[in-house]
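Throughout, protein chains are lettered first and strands after them, A, B, ... in sequence-line order, and every chain is numbered starting at 1.
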Amino acid sequence: MLTMLRALAARIRAVFRRDATDRDFSAELESHLTMLADDKMRGGMSAEQAQRHARLKVGGVTQLHEAHRDVRGLPLVETLLRDLRYAARTLRRDAALTTFAILIIGVGVGASATVFGVVNALWLRPLPFVNPARLVWVANGPSENLSRQAVQVGHVVDLREQSQSLADLAGFSPFYGAGDIRLTGTGEPERVTGVPVTQDFFPLLGIRPWLGRNFTAEECLWGAPRTAILSYGFWQRRLGARAELIGGVITLDGALTTVVGVLPPSFDFSGTFSPGRPADLFLPFPLSPENNRRGNTLALIGRLKPGIDLTTAAIETATTVDRFSGTAPEVEPGRRRNPFLPNLSPLQERISGRFHGALAVVAASVGFLMLLVCANISNLLLARASARHKELALRMALGAGRGRLVRQMLVESLALSCSGAALGLALAFGGTSLIAHFDGASIPLLQDVRVDGLVTLFIVSVTVLTGVGCGVLPALRAAGALPQDALKNASRGVTGGGGWLRRALVVSEIVLVCVLLTGAGLLTRSLIRVLDVDPGFTPENLISLRVDPSRQEHPTLETRNAYFDTVLQHVRSVPGVEAVGLTDALPLGDNFGWRGWTVSAKDRASTNPLVRMIDEHYFSAMRIAMKAGRGFTSDDHPSSERVVVINEALARALWPDEDSLGRILRASGRDYRVVGVVNDVRYFALERDTGQEMYMLLSQTGDYQTVDLVVRSAVPPARLIPGIRAALKRADPALPAVEFRTMEQLVDRSVLTRRLIVLLLAGFASFGLILAALGLYAVISYSVSQRTREIGVRMALGAAPRTMQGQILTQTMTLAAIGLAIGLPAAWIAAKAIQGLLFGVVSWDPVTFGGVAAVVAIVAGLAGYVPARRASRVDPVLALRSE
Amino acid sequence: MAEPRSDILQGTLDLMVLKTLENMGPLHGYGLAVRIEQLSENALKVNQGTIYLCLVRLVQKGWITATWGTSDNNRKAKFYALSKAGRKQLKAETENWERIAGVIGHVLRPLTGR
């Protein structure tokens with residue numbers, strides 16, 4: 001072992017001291033020859049004869065040197081180094097080609113590594129919890145909407161006790177609003193966001209507090225002294241990261257709250273469970289009868305018992321729930337528990353599953369792009385291999401083995417791909433950190449996007465694949481070259497043997513570009529269609545801000561109504577304000593109306609519309625169109641008849657063939673008269689129907705969590721902000737400063753994900769188009785330069801320059817046509833695969849496909865035009881003489 | 001180019017060099033080549049130069065050392081000498097060789113007897 005190490009060290013030393021060792025060996029051989037010759041002369045030979053004999057006896061000096069080097073050094077490494085040096089020299093000589101190749105490989109690798117980083121974070125990497133594969137999301141029914149999946153406390157308590165398949169069950173209440181809680185006492189008052197969680201929530205996920213401890217059972221009782229656990233970010237940002245705060249108090253909504261713990265920095269509740277909505281602190285959510293009465297309140301997560309799979313757990317849970325649901329006690333006298341239809345799915349799927357489709361599309365496009373890059377580089381290297389034909393043939397004639405040449409070509413392309421990958425790695429670092437700090441998108445886990453081990457491994461594999469993939473064709477071509485042919489006559493052969501190969505590569509580039517362009521085109525058209533959707537209100541010149549009063553200072557409905565009157569009065573008096581309204585659920589906002597009330601009417605099946613609480617000016621401020629009847633007026637007040645306004649979808653559902661105005665509907669045990677019907681409003685997303693909705697008066701119910709003020713102005717709303725701020729300060733000096741948001745911002749944010757995908761795909765497609773155009777140009781212009789002599793002969797025989805030009809153009813367009821003939825059907829198949837992401841366009845959209853064909857044809861025409869012109873200007877005399 | 005040789009032959013040459021150095025003391029490459037030719041009664045018909053491929057390997061393994069010196073005839077020459085590790089290696093190799101030779105001899109005897 002030691003001997004082997006010593007020998008290895010000696011070999012490495014020998015590689016570096018090559019020249020000195022060579023000299024030493026020369027001297028040694030020389031002395032050997034001299035001594036041998038001396039002996040021969042002593043035996044009676046002449047000096048000349050002796051020397052000749054000595055040389056014969058010792059053997060060929062050059063061969064001995066070569067063998068000596070192999071024995072003492074590291075022959076493999078040395079050849080590799082020599083190949084690398086040679087490759088570097090060749091690549092430097094073709095500086096333009098090398099730069100271009102490195103750039104496009106860099107962009108390709110950077111883009112694909114960044115996309116892979118996102119795929120890794122959202123899809124491959126397990127959630128940052130203990131044994132995350134065993135965590136399941138327990139939804140209520142099949143709805144996609146988080147708030148519709150919530151479960152009533154009574155069910156949770158029973159299921160926890162009786163479940164045979166779930167080791168534990170915990171949850172959080174999703175009905176918290178961003179900035180629901182007012183933090184006072186330390187510095188400026190601020191709106192903070194608190195997430196109510198059950199006692200077992202953190203232990204279930206395997207999250208240990210960074211400081212302090214989890215909630216105790218006593219702290220999770222109804223009416224227990226207030227406690228909170230802080231998120232790491234909030235503790236750092238707002239509370240100065242003071243450790244002595246544990247056990248101390250902060251003031252939340254005017255009440256003293258003991259801080260019992262701080263969560264670790266690695267735990268990002270918001271990014272995982274509720275992207276786009278902050279989570280500053282966590283409050284205990286008691287599993288008590290009081291909360292049971294509040295209806296469906298908990299989003300549930302369970303942990304599978306060891307050895308139980310998801311299917312078994314789903315069946316067992318359904319059976320168990322069925323059993324106890326029948327005998328469960330009434331929530332209140334006369335009121336039974338809400339239905340619970342357990343629907344189990346892996347937690348990871350629930351969190352990022354709905355993005356997998358879009359991710360797959362982006363990943364596939366970037367994959368196509370990388371293939372395009374490879375085809376392009378391969379093409380360039382093939383072109384260069386043709387140009388180097390003579391050099392390679394010469395080397396072969398001088399004794400270089402075929403294997404050696406193949407290796408040389410592969411080393412060159414690998415050197416190219418490695419240099420490109422270095423650039424790509426830098427781009428990937430930039431790209432992932434850009435995405436990780438990308439704010440406001442409702443995509444989970446984005447903050448975890450980074451260049452980690454797996455991404456690095458991905459880059460390495462892509463680099464090797466690219467290097468080998470691009471190098472293999474030129475290498476085999478080089479190996480196939482017959483020295484005698486190449487040396488005989490360089491100008492022979494019209495387009496050279498590799499011509500068909502290069503044309504095939506260009507055709508495949510066009511096919512790939514077709515697919516990319518079609519995808520980008522269809523999604524762009526979808527985005528335009530989405531932006532064209534009428535949201536049901538007019539977002540221009542409209543801003544909103546939170547104004548809900550603290551329940552401590554305004555405990556009753558009357559005082560709250562009075563508070564709103566003051567606020568509205570003050571804001572309305574600001575110059576430039578046209579209309580002011582109130583709502584508890586902004587369209588496309590954070591708290592987009594989670595309450596589904598059960599509503600019934602005489603002789604009608606009951607239904608579950610979403611409920612919004614508004615004031616009488618909301619419709620006019622939002623410009624939501626009345627379809628029938630009237631909106632609320634100042635004559636509707638707490639002591640007058642209870643009235644509702646419904647949207648068209650609800651009117652259709654309850655009274656499909658009759659007029660709904662004046663009818664009575666029953667909700668939450670009370671009767672309401674329908675006084676008006678309004679236009680449907682897109683609350684969740686522009687491309688999604690909201691369904692049935694019902695509007696109630698804030699002043700008549702008082703049942704709301706958060707309230708937003710909406711201000712319609714005649715001028716761009718940003719100019720009004722200082723005035724409105726001052727008016728609010730006059731109305732309520734204790735109102736925390738909050739940000740104003742224009743409704744246009746909310747609309748933009750709702751299409752952000754879609755816009756992001758379109759931007760990415762459009763970028764990939766344009767890059768791909770440029771690559772394909774360059775590839776086409778390179779092939780055509782190479783074939784023109786190869787045919788210069790032939791063209792010269794033809795022109796000398798009377799062919800018109802126009803004819804030559806036309807021929808070259810035809811050649812180009814034939815390639816483009818073949819590419820389109822394969823590419824468009826391929827694109828059609830790809831379009832069917834992304835159907836789920838399309839909106840308002842069909843997957844065979846003629847405009848997109850026609851556009852793609854036109855773009856490819858135009859670009860091909862341009863790429864062919866330049867070489868065609870050159871062909872038409874060939875001077876027959878010069879062309880023939882140049883041989 | 002290196003002549004393709006079997007491992008056994010290579011190992012044999014190593015052993016012969018080590019043994020010769022043990023018997024004769026420090027020698028230069030030429031001296032070694034001549035001595036080995038004599039010992040093997042010209043059974044090993046190789047280029048004398050090949051001995052240096054063997055020598056450089058043994059030096060790298062640390063079994064022999066090399067120093068420039070002057071020959072009997074006052075020529076400059078590189079002298080090789082057995083090192084301590086080389087002596088140990090020679091002993092091990094000799095024992096190994098004898099054991100193998102014994103076994104092979106044992107196996108071959110009945111065949112020749114028949």
Side-chain angles (χ1 to χ4, degrees), chain A residues 1-18 20-43 50-51 53-75 399 401 404, chain B residues 1-5 7 10 13-14 18 27-38 42 44-80 83-90 92-93:
Chain A
M1 188 64 207
L2 198 68
T3 313
M4 272 169 66
L5 279 180
R6 193 185 301 152
L8 184 68
R11 276 165 178 260
I12 294 170
R13 250 196 326 272
V15 172
F16 287 103
R17 296 180 45 214
R18 191 187 144 113
T21 323
D22 272 352
R23 272 198 304 278
D24 189 76
F25 184 50
S26 288
E28 193 171 9
L29 275 181
E30 197 51 48
S31 103
H32 186 119
L33 286 170
T34 319
M35 288 189 281
L36 185 53
D38 282 352
D39 280 357
K40 298 270 179 201
M41 273 153 72
R42 231 165 277 137
Q51 261 163 31
H53 269 264
R55 281 194 195 288
L56 274 177
K57 187 106 179 122
V58 171
V61 174
T62 319
Q63 279 87 341
L64 271 177
H65 263 290
E66 192 79 23
H68 195 254
R69 269 180 223 133
D70 280 355
V71 169
R72 75 179 185 228
L74 300 161
R404 187 64 202 276
Chain B
M1 289 285 150
E3 304 283 321
R5 279 174 298 152
D7 282 344
Q10 194 177 47
L13 191 57
D14 285 3
L18 291 178
L27 268 179
H28 45 66
Y30 174 60
L32 266 168
V34 170
R35 181 73 189 145
I36 287 173
E37 272 175 4
Q38 285 170 358
N42 286 336
L44 288 174
K45 289 259 179 188
V46 287
N47 286 337
Q48 283 188 355
T50 4
I51 191 121
Y52 292 102
L53 306 183
C54 167
L55 286 172
V56 72
R57 203 167 42 234
L58 293 178
V59 170
Q60 284 189 336
K61 284 179 177 162
W63 292 340
I64 58 176
T65 55
T67 38
W68 282 97
T70 315
S71 76
D72 303 338
N73 300 326
N74 218 13
R75 296 282 184 192
K76 224 170 106 104
K78 206 174 191 181
F79 281 83
Y80 296 89
S83 73
K84 218 174 137 189
R87 216 171 285 280
K88 226 164 78 186
Q89 177 69 14
L90 176 61
E93 284 284 318

J.: Between atom CG of B/D14 and atom NZ of B/K61, what is the distance when rounded to the nearest 0.5 Å?
T.: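 Those atoms lie 6.0 Å apart.
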
J.: So, taking the atom named CG in A/D39 and the one named NE2 in A/H53, what distance separates them when rounded to the nearest 0.5 Å?
T.: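 It is 14.0 Å, given to the nearest 0.5 Å.
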
J.: Could you state the interatomic distance from CG (B/L55) to OH (B/Y80), rounded to the nearest 0.5 Å?
T.: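 B/L55 CG to B/Y80 OH: 5.0 Å, rounded to 0.5 Å.
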
J.: So what's closer than 4.5 Å to chain B heavy atoms on A/R69: side chain, backbone, both or neither?
T.: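 Neither the backbone nor the side chain of A/R69 comes within 4.5 Å of chain B.
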
J.: For each of A/V61, A/L5, A/L56, A/D24, tally heavy-atom pairs with chain B at distances under 4.5 Å, and name the one with the top tally.
T.: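 Between A/V61, A/L5, A/L56, A/D24, the count favours A/D24.
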
J.: Answer with side chain, backbone, both or neither: which region of B/K76 has an atom nearer than 4.5 Å to a non-hydrogen atom of chain A?
T.: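 Contact with chain A: backbone only.
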
J.: Do you know which of A/M4, A/R6, A/M35 has the most heavy-atom pairs under 4.5 Å to chain B?
T.: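 Of the options given, most contacts go to A/M35.
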
J.: If you take all heavy atoms of B/G62 and B/A85, which pair is closest and at what distance?
T.: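 In terms of heavy atoms, the two residues are closest at O-CB, 3.8 Å.
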
J.: A/R13 versus chain B, heavy atoms under 4.5 Å apart: side chain, backbone, both or neither?
T.: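 Neither part.
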
J.: What part of A/L29 lies closer than 4.5 angstrom to a heavy atom of chain B: side chain, backbone, both or neither?
T.: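 Interface part for A/L29: side chain.
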
J.: Is A/L8 close to chain B through its backbone or its side chain, or both, or neither, when contacts mean heavy atoms under 4.5 Å?
T.: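 Neither part, no heavy atoms under 4.5 Å.
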
J.: For A/A27, is it the side chain, the backbone, both or neither that has a heavy atom under 4.5 Å from a heavy atom of chain B?
T.: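 Both the backbone and the side chain of A/A27 come within 4.5 Å of chain B.
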
J.: Can you tell me if A/R11 uses its side chain to pair, donor with acceptor, with the backbone of A/V71 under 3.5 Å?
T.: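 Indeed, once roles are kept as given, a pair shorter than 3.5 Å links the two residues.
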
J.: Please identify, among B/V56, B/I51, B/V34, the residue contributing the most non-hydrogen atom pairs under 4.5 Å to chain A.
T.: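 Heavy-atom pairs under 4.5 Å are most numerous for B/V56.
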
J.: Quick one: does A/Q51's side chain get under 4.5 Å of A/L33's, heavy atoms only?
T.: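 Side-chain contact under 4.5 Å: no.
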
J.: Need one label for A/D38: side chain, backbone, both or neither, based on atoms under 4.5 Å from any heavy atom in chain B.
T.: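 Just the side chain, heavy atoms under 4.5 Å.
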
J.: Any side-chain heavy atom of A/H68 within less than 4.5 Å of one from B/L53?
T.: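 Yes. Closest side-chain heavy atoms under 4.5 Å.
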
